[in-house]
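Below is one structure, written out as structure tokens, with a few remarks after it.
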Amino acid sequence: MIDYIKITENLKNERAPFAFIDLDALKSNITTIDARARGKKVRIATKSIRSRWVLEYIKENLESYFGLMTFSPEEALWLAQEGFDNILMGYPTLEEGLIRQIFEAKKEKDIVFMVDTATQIELLNKIAEDHQSTAQLCVDIDLSSSFPLVHFGVHRSPLKKPEDLKRLLNSIKLLKHIVWTGLMGYEAQIAGVGDQVPGQGLKSAVIRFLKSKSLKTIEQRRTAFLNVFEEFDIHLDFVNGGGTGSMESTGKEKKVTEITVGSGFLQSHLFDYYEGFTHQPAAYFALRAVRQPNPQMITVMGGGYIASGATDPLKQPQVVYPKGLKLTKNEGAGEVQTPLILANEGQVKLGDLVVFRHAKAGEVCERFEELIVIEDNKISSRIATYRGENKCFL
């Protein structure tokens, strides 16, 4: 387990702010994810990593590794050029110039396009024809749940019912340069929503109830979409589902061949609040105390690394060392400074480091060019983030 006293002592001369990963925790999480996969293949969600070195490390050490799910067409192209293969683009794209470059890369790499409308497919078919090739397609279906007064899930694909998929397949059946490769259904309401959040007992109970209701229909709905492909005599190579928070339930579905996992490798703090599994925190950043407005407070430089999504207190960074420090309600994690309430006077002195965890795993890498790798509580190496390789995709 990480020793914050040793780590902060070993890192005290680093220029703050800086980010670091605990390689021992990452190794532990890789082992846990392999066990939770229970024989299913695992595809890495690159948006939750955003470091080529870390992606390569997971690839080499995860027994169930099967490929990548990227979040940007430019990212998919770059990773293919850097040697990665079996890339599923997690989101549709209409960037024609990038698509044409991807078709050049596809001559040597397996890259699959995500689609959910005829407009996307028609463009891909046109470009594939120009390149005397075919576009490999994965359809993204909507597995969110609707209850009275509540939309439980995320707004993604317009393909909400099997009939929607039938209409789509009929509308593009004359296209000659496409091939259907896979189906993805992301049950975000299970995989990405914490159900055991401290201080939110009632809300967590409601979420657990909605999850239980939603789980009863997800496999049936996914199967109904797959049956449409069978009706059209289309064989799919893979069926993708799930996320860190739903590996167990998704893995039980016989027709699911692979599970996408991202946040569970680095374990950002939003993923602490789940029943049924425990991973080890592996990604951190550190800020230095630079001023003291009063004896009960200390102020660190920087810190405003707020996670994306609907804003709430959980999206703020979490202080993990020294224990007991709290963000102020009025200022929170600030753009250039963050005041912290001390548990006791003298707890943090000017010049000390304060260690935080980000709410979402990959997003912290957008703030730093490198990650310091900690192994056995000591610095073992330094690795580049996407930003450190001059890459900014979204």
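Quick caveat, the model's predicted, so the values are computed rather than measured.
- Follow the hydrophobic side-chain contacts under 4.5 Å out from Tyr4 and you never reach Ile298; the two are in separate clusters.
- For the atom pair CG (Asn125) and CD1 (Ile121), the distance works out to 9.5 Å, reported to the nearest 0.5 Å.
- In this structure, Phe103 and Asp130 have side chains that are not in contact, with every pair of non-hydrogen atoms separated by 4.5 Å or more.
- Counting heavy atoms from C-beta outward, Phe113 and Ile178 have side chains that stay 4.5 Å or more apart.
- To the nearest 0.5 Å, the span separating CG on Leu143 from CZ on Arg222 amounts to 5.0 Å.
- Transitive grouping of hydrophobic side chains (ILVMFWY, heavy atoms separated by less than 4.5 Å) keeps Ile372 and Phe285 in distinct clusters.
- The pair Arg100-Glu96 meets the salt-bridge criterion, since a charged nitrogen lies less than 4.0 angstrom from a carboxylate oxygen.
- With a 4.5 Å cut-off on side-chain heavy atoms, Ile7 and Tyr284 do not count as touching.
- Put simply, the side chain of Thr250 never gets that close to the backbone of Met247: no donor and acceptor are under 3.5 Å apart.
- Using a 4.5 Å heavy-atom cutoff, the side chains of Lys173 and Leu169 are not in contact.
- Below 30°, between 30° and 60°, or above 60°: for Phe393 and Tyr386 the angle between ring planes is above 60°, a perpendicular geometry.
- Minimum heavy-atom separation, Asp116 to Asp140: CB-O, 3.8 Å.
- With rounding to the nearest 0.5 Å, the separation of NZ in Lys315 from NE2 in His269 is 10.0 Å.
- Under a hydrophobic clustering in which Ile, Leu, Val, Met, Phe, Trp and Tyr are joined whenever their side-chain heavy atoms come within less than 4.5 Å, directly or via other members, Tyr321 and Ile341 fall into different clusters.
- No chain of hydrophobic side-chain contacts below 4.5 Å, direct or via other Ile, Leu, Val, Met, Phe, Trp or Tyr residues, connects Ile234 to Val179.
- At a cut-off of 3.5 Å, with distance as the only test, a side-chain donor of Asp34 or Ser64 sits close to an acceptor on the other residue.
- Exactly one of Thr299, Val354, Leu340, Val300 qualifies for a side chain to side chain contact (heavy atoms under 4.5 Å, CB included) with Val348. That residue is Val354.
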For a side chain to side chain contact (heavy atoms under 4.5 Å, CB included) check, start with the C-alpha distance between Glu104 and His131, then their side-chain angles and the critical distance, and finish with the verdict. CA-CA 8 Å; Glu104 289 299 318; His131 285 260; 3.2 Å; yes

For side chain to side chain contact (heavy atoms under 4.5 Å, CB included), just list the numbers for Val115 and Trp180, CA-CA rounded to whole Å, side-chain angles, deciding distance to a tenth of an Å, and then say yes or no. CA-CA 10 Å; Val115 296; Trp180 289 102; 3.8 Å; yes

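- Scanning both residues, Phe277 and Phe271, for their nearest heavy atoms gives CE1-O, 4.1 Å.
- Under the 3.5 Å distance criterion, the side-chain polar atoms of Asp352 are left unmatched by any main-chain donor or acceptor of Ala289.
- Counting heavy atoms from C-beta on, the side chains of Ile306 and Gln316 come closer than 4.5 Å.
- Minimum heavy-atom separation, Met297 to Pro339: CE-CB, 3.6 Å.
- Cluster partners of Val112 are Met69, Leu88, Met114, Met184, Phe238, counting Ile, Leu, Val, Met, Phe, Trp and Tyr whose side-chain heavy atoms approach within less than 4.5 Å, directly or via other members.
- The two residues Leu353 and Ala16 make their nearest non-hydrogen contact at CD2-CB, 4.3 Å.
- The two atoms that bring Met301 and Val336 nearest to each other are SD-O, 3.4 Å, heavy atoms only.
- Pro295 and Leu342 get closest at one heavy-atom pair: O-CD1, 3.5 Å.
- No more than 12 heavy atoms of other residues, nucleotides or ligands lie within 6.0 Å of NZ in Lys47, so this atom counts as exposed by the packing criterion.
- From Glu230, atom CD reaches atom CG of Leu236 across 9.0 Å, with rounding to the nearest 0.5 Å.
- Annotation for Leu394: atom CG counts as buried by contact number, over 12 foreign heavy atoms lying within 6.0 Å.
- Judged purely by atom type and a 3.5 angstrom limit, Thr260 has no side-chain atom pairing as donor or acceptor with the backbone of Ala45.
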Would you check, one step at a time, whether the test side chain to side chain contact (heavy atoms under 4.5 Å, CB included) holds for Asp142 with Leu159? CA-CA 6 Å; Asp142 182 10; Leu159 304 175; 5.8 Å; no

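- For the pair Phe20 and Glu14, the minimum side-chain heavy-atom distance is 4.5 Å or more.
- Within the 3.5 Å criterion, the main-chain N or O of Lys27 finds a donor-acceptor partner in the side chain of Thr31.
- Hydrophobic clustering of Ile, Leu, Val, Met, Phe, Trp and Tyr side chains at less than 4.5 Å, counting indirect connections, unites Met89 with Ile127.
- Every pair passing salt bridge (Lys or Arg N to Asp or Glu O under 4.0 Å) that includes a residue from residues 79-91 is listed here, sequence neighbours excluded: Arg52-Glu82.
- Lys176 places no side-chain N or O within 3.5 Å of a backbone atom of Glu129 that could act as its donor or acceptor partner.
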Intermediate values then yes/no, side chain to side chain contact (heavy atoms under 4.5 Å, CB included), Glu56 and Phe84: CA-CA 9 Å; Glu56 290 171 345; Phe84 286 92; 3.3 Å; yes

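- Using a 4.0 Å cut-off between charged side-chain N and carboxylate O, Lys161 and Asp164 make no salt bridge.
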Considering only distance and modelled atom types, tabulate donor-acceptor pairs under 3.5 Å from the side chains of residues 356-367, sequence neighbours left out.
unit_1: Arg357; atom_1: NH1; unit_2: Asp272; atom_2: OD2; d: 2.7
unit_1: Arg357; atom_1: NH1; unit_2: Gln318; atom_2: OE1; d: 3.3
unit_1: Arg357; atom_1: NH2; unit_2: Gln267; atom_2: O; d: 2.8
unit_1: Arg357; atom_1: NH2; unit_2: Asp272; atom_2: OD1; d: 3.1
unit_1: Arg357; atom_1: NH2; unit_2: Asp272; atom_2: OD2; d: 3.3
unit_1: His358; atom_1: ND1; unit_2: Lys360; atom_2: N; d: 3.0
unit_1: His358; atom_1: ND1; unit_2: Lys360; atom_2: O; d: 2.9
unit_1: His358; atom_1: NE2; unit_2: Tyr305; atom_2: O; d: 3.1
unit_1: Lys360; atom_1: NZ; unit_2: Ser308; atom_2: O; d: 3.2
unit_1: Lys360; atom_1: NZ; unit_2: Ser308; atom_2: OG; d: 3.3
unit_1: Glu363; atom_1: OE1; unit_2: Ser308; atom_2: N; d: 3.0
unit_1: Glu363; atom_1: OE2; unit_2: Ser308; atom_2: OG; d: 2.5
unit_1: Glu366; atom_1: OE1; unit_2: Arg387; atom_2: NE; d: 2.7
unit_1: Glu366; atom_1: OE1; unit_2: Arg387; atom_2: NH2; d: 3.3
unit_1: Glu366; atom_1: OE2; unit_2: Arg50; atom_2: NH1; d: 2.7
unit_1: Arg367; atom_1: NH2; unit_2: Gly304; atom_2: O; d: 3.4

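- Lys12 has a carboxylate O that lies under 4.0 Å from a charged side-chain N of Glu9, or vice versa, which qualifies the two as a salt bridge.
- Remark: side-chain polar atoms of His279 are paired, donor with acceptor, to backbone N or O of Gly264 under 3.5 angstrom.
- Put simply, the side chain of Glu370 does not reach to within 4.5 Å of the side chain of Trp53, judged on heavy atoms.
- With a 6.0 Å radius and a threshold of 12 heavy atoms from other residues, nucleotides or ligands, Gln296 has its CD atom above the threshold.
- A donor-acceptor pair is defined here as one N or O able to donate and one able to accept, closer than 3.5 Å; such a pair exists between the side chain of Ser51 and the backbone of Ala384.
- Contact check for Glu95 versus Gln101: no side-chain heavy atoms found under the 4.5 Å cut-off.
- Lys6 NZ: 12 or fewer foreign heavy atoms inside a 6.0 Å radius.
- Atoms CZ and CD1, on Phe71 and Ile49 in that order, are 11.0 Å from each other to the nearest 0.5 Å.
- Side-chain atoms of Asp312 come within 3.5 Å of backbone N or O of Leu314 as a donor-acceptor pair.
- Going from atom CG of Leu94 over to atom CD1 of Ile99 covers 6.5 Å, rounded to the nearest 0.5 Å.
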